[in-house]
Number of protein chains: 2
Amino acid sequence: MLDTAHITGSGRSRPTMRHVAALAGVGIKTVSRVVNAEPNVSQETVHRVREAIERLDYQPDLNAGNLKRANGKTLTIGLVVESVANPISSAIHRAIEQKAWERDTAVFASSHGDDPIREHAIMQALQRRRVDGMILTTAGGSCAYHAEGAARRTPLVFVDRASGGVGADAVISGDFTGAAHAARHLLGHGHRRIAYCGPGDHLGFRSARERERGFMEELGRWGVPTTDVPVLQDLDDAETAQNAVATMVRSGSRPTAIFTSHGPSTIGAIRALREAGLHNSVALVGFDDFALTEILEPGVTVVAPDPERIGQMAAERLFARIDGSRAEPNTYVVPTTLIARGSGELWPKIDAPHRKGRRLSPHGQAAAVERQRNR
Amino acid sequence: MLDTAHITGSGRSRPTMRHVAALAGVGIKTVSRVVNAEPNVSQETVHRVREAIERLDYQPDLNAGNLKRANGKTLTIGLVVESVANPISSAIHRAIEQKAWERDTAVFASSHGDDPIREHAIMQALQRRRVDGMILTTAGGSCAYHAEGAARRTPLVFVDRASGGVGADAVISGDFTGAAHAARHLLGHGHRRIAYCGPGDHLGFRSARERERGFMEELGRWGVPTTDVPVLQDLDDAETAQNAVATMVRSGSRPTAIFTSHGPSTIGAIRALREAGLHNSVALVGFDDFALTEILEPGVTVVAPDPERIGQMAAERLFARIDGSRAEPNTYVVPTTLIARGSGELWPKIDAPHRKGRRLSPHGQAAAVERQRNR
DNA sequence: CTGAAAGCGCTTACAG
DNA sequence: CTGAAAGCGCTTACAG
């Protein structure tokens, strides 16, 4: 008997192609043709089959279809990030999803919370689900070899954080160039004593190191010796950053400007400067952008990454691989944008021998939001 | 021949249970037992099979397994929201994903951009993929009947926006109560002339209307006639809101306080008040919370929803349905929290006959962040 | 403790 | 233009 609908207990069982075929009075192959819009079916048959599909509210089972389908594709991909709630990750997600939608591909999204074990478990699960490919912001750690293994079978693209030696494409922000741009911007506004504040690199991410390098090398080019740079490291969250910056600005050798190399340290620095009443005296440029920074006084000058572009490119690279590309794995760098909002355009107020007597520039007025592309 | 690995062109084909069985010298059912940790396999056999799995790097195909599996579950669910990049949605997503992970369930996430057509297409696609259930922030529109149809076959829970008449569970914010709380807060600080600013409800969302109702009714209870309330509607984005509020505060009958009923209108109001130099004179309470509101001066008092809790509850409801619950569909309301940061604690500076001569309360000093649970 | 047969809902490769 | 047979990689229901 075909009609098992009324004997299965839990919510009538779904109709299958055979139900449709029986109702339309055709073979299942004909139903398959209609469902997949294949040619060589008479108008009238198409019509009858469509009617049966409608009547039964038939929905083809994609998973069953994939099982024998020639190309072996499931039209699904997996996205694995630290947290899907992170603003940058979710912007990346949105962009990837759009590209995927254009290819009828669905996106599994999940968070590993920087736990390499969980990252590995998630990737295993995705492979068991036979995703066509994966996009990964890796938790790093010492489990890179897992990714290596995965990449052998399933196309893999790294986003936002580098591939850590795994032979796969990666799409990341221009950390080095962006940080150098920030340094140049502050140097150009007369600062020579500029503090570096950033997170630790205990997770082994390249980003933090690259930002520090970019910052330091630019200072070096302008003749500022590294030993003259106050460095606050391991500021992993806003509170730690706030305390550290507060201590620093209270000290004798207060910097005239601060570069913060990630969001939390920027927020901490903003708070510390406000609390000390120095937010209009000590210049600040932060890496990473966030909401409301333009409402503060002064507005916060930032080096903004471009998560939409990162997501787009990652999706493009992944789909190219899925389509069979055998090109050498490459790392793609998406340029950042320096957005001047005021805090980064303050001229040194104290200890500025090289620009003695120079006053605040008009940019210090905060309102002008000029955008400069970094090269 | 079993070993087709070296003859398939595109990246050696994956090993199957039969490959493992052949290598271990057992039947495929035995491999199946080991993979699924079923009992009644000798220690030694388990060991041999495990070794073969390891050697071949075998990964069971979950989709194939699901095909005949008794319970018919795929251990996947779908999340459909306006945009996965929206902070509230992504926080909800994170919470859902956590609950799902505990059940070995993977989450498809996608955005409909408030397009009902796309919403429908996404839900269709999810059903073809045989998700066990769906969580939906609906685009509304007139396509509610689609959701109705979907809910008949696949468990469905609405989040963040109400179900619009579809007989399904919903988990939403306490819009009415939260807005009433905001009104009460401002009334309690001496305000009687309080403006309402919010988005239009052209999309048919209940939230906007509920927030307006909650606000108005509370005013009514305090003896403020509705006709005395300046109302700015259709402020769908920050820019529109900024212009409208700017015009309003320049007018003769400026309100002493403003309630903004969603994020963009709050941002617009903040900008307009700052531009007019009134941010320390006109009180402001906004619905929805966002980053950095505590750094502004004064800090922005908000009625904050609880997306984590919303996501958790939505997942709990969905999984209960998936597990067979036949309870009456219900709408669950997650309470909001009023976070006092300064802007909502300003006392009226002009036109405050009922509290003549009363000065700024100490709360007006901004720093104190007191949290009050609304009832 | 173990495995051969049947079948999940489709697609493929054919034969009419 | 159409459909019967075989098979995708597993699980189920049995029989040993």
Side-chain angles (χ1 to χ4, degrees), chain A residues 1-5 8 13-49 52-53 56-75 127-130 153, chain B residues 1-5 8 13-49 52-53 56-75 127-130 153:
Chain A
M1 276 269 75
L2 259 178
D3 190 359
T4 57
T8 57
S13 77
R14 290 172 173 280
T16 71
M17 229 170 222
R18 290 174 59 204
H19 297 266
V20 176
L23 183 59
V26 298
I28 68 162
K29 175 58 198 169
T30 299
V31 177
S32 172
R33 284 197 182 90
V34 173
V35 165
N36 297 299
E38 284 172 31
N40 298 330
V41 189
S42 77
Q43 278 288 304
E44 201 237 307
T45 307
V46 169
H47 192 74
R48 271 218 320 283
V49 171
I53 288 176
L56 296 174
D57 190 21
Y58 167 72
Q59 302 200 276
D61 183 329
L62 235 56
N63 297 319
N66 288 149
L67 205 50
K68 187 153 173 73
R69 187 163 280 126
N71 64 16
K73 300 287 189 290
T74 57
L75 295 185
Q127 289 186 87
R128 278 201 253 275
R129 296 209 147 82
R130 296 296 185 261
R153 283 247 162 75
Chain B
M1 278 266 77
L2 257 178
D3 189 359
T4 57
T8 56
S13 78
R14 291 173 172 281
T16 73
M17 228 169 223
R18 291 174 58 205
H19 297 267
V20 177
L23 184 58
V26 299
I28 69 162
K29 176 58 198 168
T30 299
V31 177
S32 173
R33 285 197 180 90
V34 173
V35 165
N36 297 299
E38 284 171 33
N40 297 331
V41 187
S42 76
Q43 277 288 305
E44 202 237 308
T45 308
V46 169
H47 193 75
R48 271 219 319 284
V49 171
I53 289 176
L56 296 174
D57 189 20
Y58 167 72
Q59 302 200 277
D61 183 329
L62 234 56
N63 298 318
N66 289 147
L67 205 50
K68 189 155 174 68
R69 186 164 281 128
N71 65 15
K73 300 286 189 289
T74 57
L75 296 185
Q127 290 186 87
R128 278 201 252 276
R129 296 209 147 82
R130 295 295 185 263
R153 285 248 162 74

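Here is how names work: the chains are called A, B, and so on, in the same order as the sequence lines, proteins then strands, and each is numbered from 1. Note that these values count all heavy atoms, side chains included, but never hydrogens, waters or copies made by symmetry.
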Re C:dC1: Watson-Crick or G-U wobble partner, both distances kept under 3.5 Å, found to be D:dG16
Side-chain ([X]) to main-chain ([Y]) donor-acceptor, under 3.5 angstrom:
{"X": "A:Arg48", "Y": "A:Ala24", "result": "yes"}
{"X": "B:Arg153", "Y": "A:Asp57", "result": "yes"}
{"X": "A:Arg128", "Y": "B:Pro60", "result": "no"}

**Asked** Hey, is the side chain of A:Thr45 poking within less than 4.0 Å of OP1 or OP2 on D:dC1, counting only N and O atoms?
**Response** no
Distance check: side-chain N/O of B:Thr30 vs OP1/OP2 of C:dT2, anything under 4.0 Å? no
Given protein heavy atoms under 4.0 Å, the one-letter contact record of nucleotides 9-16 of chain C, with B base, S sugar-phosphate only and - none, is simply BSBB----
**Side-chain heavy-atom pair A:Leu23, A:Leu56 within 4.5 angstrom cut-off** = yes
*May I ask you to test the A:Asp61-B:Arg130 pair for a side-chain heavy-atom distance under 4.5 Å?*
yes
